[in-house]
Amino acid sequence: MKIASFNINGIKARIGQLTAWLSEAQPDVVVLQEIKTVDEGFPAELIEDLGWKVWTHGQKSWNGVAVLSRLPVEEIRRGLPGDDADEQARYIEAVVMGDRHAVTVAGLYLPNGNPAPGPKYDYKLAWMDRLRQRGAELLATEQPVVMLGDYNVIPEPRDAARPENWVDDALFLPESRAAFRRIVNQGWTDAIRVTDPHATRGPFTFWDYQRQAWERDNGIRIDHLLLSPQAADLMRGAGIDRDQRAGVKPSDHVPVWVDLAA
DNA sequence: ATGGTCGCCGAGCGA
């Protein structure tokens with residue numbers, strides 16, 4: 001079961017890139033972030049015509065997440081538990097049926113948090129605490145779980161081409177990194193990192209549109225795939241589709257994926 | 001220190 005995450009940065013602007021990548025990469029399950037539309041504005045038919053089922057959790061203009069699956073899905077949950085007043089569409093969860101295992105796939109778009117300090121940063125840290133609580137519940141199932149998406153956290157200096165540029169940024173502040181570490185340390189495996197544990201630079205998943213960041217490979221790694229122990233035991237491989245950042249009108253993020261023997 | 005680029009939609013915000 002190949003499971004991927006892609007921050008698409010506006011589905012209406014990126015439907016062509018998405019469908020081309022789907023046929024090229026051949027994932028079985030995809031979570032999307034920043035669809036930037038209400039559910040009715042999502043071009044589901046174009047994707048359904050390619051053999052997918054589509055579930056969206058949309059919002060006007062900002063945020064918004066979705067699940068695409070070519071495998072049967074048993075349950076869908078929209079919204080991160082823990083705050084009924086939270087209006088932002090940043091979380092969607094699916095139980096996907098593989099041939100051998102059911103896999104819980106939690107797609108997330110963690111708040112950016114800038115400027116920090118401030119209310120947006122407080123919201124980010126509170127959201128991360130809610131994610132940690134949901135993560136504990138999912139780990140307690142002792143089943144294969146993949147919690148993946150745009151975490152908006154640079155975990156370590158080697159995850160940025162120029163870490164010195166990020167020291168005051170909500171993506172790299174010590175509190176953000178500590179909150180991410182606290183989640184990982186519950187027992188999750190960082191699928192991309194374990195494919196090359198001793199890398200000293202990168203790999204990256206995001207390059208800003210500004211200042212020729214892509215041309216200069218001035219990237220950061222903020223899209224992550226966290227695996228429960230039962231999912232990590234099934235891992236066959238993981239990767240980053242870096243070439244998706246080239247070409248005409250790309251997203252500023254690229255897809256990340258993990259393949260499970262599920 | 002500033003501005004640099006996108007996508008949302010049709011001005012300015014969020015990233």
Side-chain angles (χ1 to χ4, degrees), chain A residues 5-21 31-44 46-47 56-66 80 86-91 107-128 131 148-155 159-173 175-177 179-180 204-224 240-256:
Chain A
S5 171
F6 195 176
N7 181 321
I8 203 75
N9 188 23
I11 186 61
K12 295 168 190 172
R14 221 72 65 197
I15 183 64
Q17 184 184 359
L18 176 63
T19 53
W21 170 75
V31 296
L32 301 175
Q33 302 89 38
E34 290 205 81
I35 62 173
K36 292 188 172 180
T37 177
V38 293
D39 296 336
E40 297 72 33
F42 191 95
L46 292 175
I47 299 168
T56 56
H57 182 36
Q59 179 180 339
K60 183 179 164 64
S61 300
W62 290 302
N63 309 319
V65 289
L80 181 65
D86 186 357
E87 307 266 317
Q88 300 189 29
R90 295 179 172 276
Y91 186 87
L108 62 101
Y109 176 48
L110 206 146
N112 175 297
N114 282 303
K120 292 186 178 176
Y121 194 55
D122 295 341
Y123 174 66
K124 176 178 194 152
L125 294 178
W127 205 95
M128 293 185 83
L131 183 64
L148 75 168
D150 178 358
Y151 278 75
N152 267 317
V153 175
I154 303 166
D159 294 309
R162 301 181 62 180
E164 67 276 14
N165 288 358
W166 297 91
V167 289
D168 296 322
D169 194 285
L171 278 60
F172 193 56
L173 281 173
E175 297 95 320
S176 306
R177 295 166 57 193
F180 181 76
F204 306 131
T205 67
F206 169 93
W207 296 260
D208 202 285
Y209 287 126
Q210 302 182 57
R211 292 171 259 185
Q212 297 184 290
W214 168 247
E215 289 77 3
R216 296 171 178 174
D217 195 25
N218 182 12
I220 52 177
R221 188 172 74 100
I222 56 176
D223 300 270
H224 306 298
I240 298 174
D241 290 348
R242 185 186 156 94
D243 62 326
Q244 289 297 313
R245 187 60 177 80
V248 183
K249 287 274 173 189
S251 171
D252 42 5
H253 295 249
V254 296
V256 297

Which value, in whole Å, describes the distance between the [atom1] atoms of nucleotides [N] and [M]?
{"N": "B:dG14", "M": "B:dC9", "atom1": "P", "result": "15 Å"}
{"N": "B:dA1", "M": "B:dG12", "atom1": "P", "result": "26 Å"}
{"N": "B:dT2", "M": "B:dC6", "atom1": "P", "result": "23 Å"}

side-chain hydrogen bond (donor to acceptor under 3.5 Å, both in side chains) with [X]: which residues, sequence neighbours excluded?
{"X": "A:K124", "answer": "none"}
{"X": "A:W21", "answer": "A:D241"}
{"X": "A:N112", "answer": "A:N114"}

Euclidean distance, atom [atom1] of residue [X] to atom [atom2] of [N] [Å, nearest integer]:
{"X": "A:R211", "N": "B:dG4", "atom1": "CZ", "atom2": "P", "result": "11 Å"}
{"X": "A:K124", "N": "B:dG14", "atom1": "NZ", "atom2": "P", "result": "15 Å"}
{"X": "A:K60", "N": "B:dA11", "atom1": "NZ", "atom2": "P", "result": "13 Å"}
{"X": "A:D208", "N": "B:dG4", "atom1": "CG", "atom2": "P", "result": "14 Å"}
{"X": "A:N63", "N": "B:dG7", "atom1": "CG", "atom2": "P", "result": "17 Å"}

| task | Determine the interplanar angle of the A:Y151 and A:F180 rings, folded into 0 to 90°, and report it as parallel if under 30°, tilted if 30 to 60°, perpendicular if over 60°. | result | perpendicular
| Which is true for A:F206 with a 4.0 Å heavy-atom rule: it touches a base, it touches only sugar-phosphate, or it touches nothing? |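 It contacts nothing in the nucleic acid.
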| query | Any side-chain N or O of A:K36 under 4.0 Å from OP1/OP2 of B:dC9? | reply |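 False: A:K36 side-chain N/O out of range (4.0 Å or more) of B:dC9 OP1/OP2.
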| For DNA chain B, the residues among residues 6-17 of chain A that have a non-hydrogen atom under 4.0 Å from it |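 Listed by number, they are A:N9, A:G10, A:K12, A:A13, A:R14.
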| Where at least one partner belongs to residues 242-251 of chain A, residue pairs that pass side chain to side chain donor-acceptor pair (under 3.5 Å), sequence neighbours excluded | A:Q17-A:Q244, A:D217-A:R242
| task | Could you say whether A:K120 or A:V38 is positioned toward the 5' end of DNA chain B, judged by the nucleotide with the nearest heavy atom to each? | result | A:V38
| request: Can you sort out the partners of A:D208 under side chain to side chain contact (heavy atoms under 4.5 Å, CB included), two or more places apart, ordered by chain and number? | output: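 Scan of A:D208 (side chain to side chain contact (heavy atoms under 4.5 Å, CB included), adjacent residues dropped) gives A:F206, A:Q210, A:A213.
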